[in-house]
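Below: one structure, written as structure tokens.
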2 protein chains.
Amino acid sequence: MTTSVPPPGFPRNATDRTILALEAFLPYRLTRLTDAISRKFSQAYRARLGLTRPEWRTLATLGQFGTMTATDIGAHSSMHKTKVSRAVASLEERRWLLREPDAQDRRVERLTLSRVGQKAYEDMVPVAHGFETRLLARMEPEERAALLTGLEALERAALED
Amino acid sequence: MTTSVPPPGFPRNATDRTILALEAFLPYRLTRLTDAISRKFSQAYRARLGLTRPEWRTLATLGQFGTMTATDIGAHSSMHKTKVSRAVASLEERRWLLREPDAQDRRVERLTLSRVGQKAYEDMVPVAHGFETRLLARMEPEERAALLTGLEALERAALED
DNA sequence: TCGCCATGGTTACGGTTGCAACCAATTCGT
DNA sequence: ACGAATTGGTTGCAACCGTAACCATGGCGA
């Protein structure tokens with residue numbers, strides 16, 4: 001019997017390098033936090049109950065930039081092209097989005113929100129801003145500043161190479 | 001034509017409240033960051049190529065606490081019971097985990113890592129610690145401190161009600 | 001100009017997920 | 001002490017996802 005499990009009654013403590021404290025492990029904390037926040041946001045934005053996350057992101061990206069190609073949407077919203085493709089198809093079916101062929105390059109489609117899609121976007125934006133504002137309002141000013149500093153640094157550290 | 005889309009050439013700027021800057025929207029930033037970090041970690045921990053995230057969490061939780069029930073695992077690792085159920089079944093099939101009936105309550109199963117599972121846990125822990133350490137090492141000390149402060153505050157704000 | 005690689009986008013497939021329904025064992029109210 | 005509500009856990013189903021293969025078009029070198 002050579003395993004290093006502590007015998008019963010021998011507490012495993014947090015600084016023990018043979019144990020991982022899951023609740024303090026950064027990837028886990030981030031996942032948990034992100035899931036909670038996304039879930040709350042999808043509650044705040046009721047329409048999202050019928051809108052998948054890729055669809056929401058596509059709506060948000062087209063609303064932000066106007067006319068784009070599917071590839072552009074993927075690049076800006078960090079989605080794989082298959083996700084974008086399916087989201088575009090579904091938004092088109094909902095009649096929130098229009099495709100038109102590109103005159104220069106016939107592989108490309110120029111995507112634009114329809115009037116109804118634009119309206120949906122305009123309704124969504126204040127909900128999103130309000131959600132974010134209310135969330136941050138629960139923190140102290142110094143905490144908000146710390147969060148932004150820390151997040152920026154972590155983004156740099158995580159996304160750099 | 002009453003929609004408020006700016007005409008072409010009229011730039012949409014970031015402080016325009018009718019536009020959402022996706023790349024600055026907290027839920028989006030968190031999702032993107034979390035995805036990137038999780039993906040990197042799953043590369044660092046190669047075995048995870050054959051281990052789903054629920055399975056990894058189950059392994060981590062049992063390694064951290066010893067013997068638990070499926071419900072306990074779900075509570076500690078923020079997983080729905082169906083995820084836990086499937087993860088437990090799969091780890092059992094891998095022979096990393098043992099189930100034994102509970103004498104007091106016959107609905108319950110007491111779950112423990114097998115010797116092989118314990119070994120896998122022990123191999124995984126330093127990889128996880130190393131991953132986290134290297135990630136944080138790319139940040140300045142003040143940035144690390146800011147991140148921890150900000151994360152804690154955001155967790156409080158997001159998980160409180 | 002012809003052949004080849006790159007690019008934009010869609011689709012087929014297998015695996016993962018969430019939800020609700022379910023079974024069995026336990027607890028609670030009366 | 002008994003039926004109803006609760007709890008631990010599993011399963012069926014439909015939706016979703018990632019990967020790879022695919023089709024059509026375009027760009028480029030010889």
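Chain letters run A, B, ... following the sequence lines, proteins first and then strands; every chain starts at 1.
- Proximity of B/T67 to B/L62: side-chain heavy atoms (C-beta onward) are nowhere separated by under 4.5 Å.
- When the salt bridge (charged side-chain N to carboxylate O under 4.0 Å, His left out) test is applied to B/D35, no partner is found at least two apart in sequence or on another chain.
- Inter-residue side-chain proximity for A/V84 and A/H80 is flagged as unmet; no heavy-atom pair is nearer than 4.5 Å.
- Taking the ring pair (Phe, Tyr, Trp, His ring centres under 6.0 Å) definition, one finds that A/F25 meets it with B/F41, B/W56, sequence neighbours left out.
- Each of A/R106 and A/P54 has a nearest nucleotide on DNA chain D; the 5'-most of these lies closest to A/P54.
- With sequence neighbours excluded, no residue forms a side-chain hydrogen bond (donor to acceptor under 3.5 Å, both in side chains) with B/T31.
- Legend: side chain to side chain donor-acceptor pair (under 3.5 Å) pairs involving residues 19-30 of chain B, not counting sequence neighbours, sorted by first then second residue: A/Q64-B/E23, A/H76-B/E23, A/S78-B/Y28, A/E155-B/R29.
- Residues A/V116 and A/R95 fail the side-chain proximity criterion, which asks for heavy atoms closer than 4.5 Å.
- Using a 4.0 Å cutoff to heavy atoms of chain A, the contacted part of DNA chain D runs 5' to 3' from D/dC16 to D/dG26.
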In B/S/- notation, 5' to 3', how is nucleotides 3-14 of chain C contacted by protein heavy atoms closer than 4.0 Å?
---BBSBBBB--
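- A heavy-atom distance below 4.5 Å is found between the side chains of B/E92 and B/R99.
- Residue B/E55 is out of contact with every strand shown, counting any heavy-atom pair closer than 4.0 Å.
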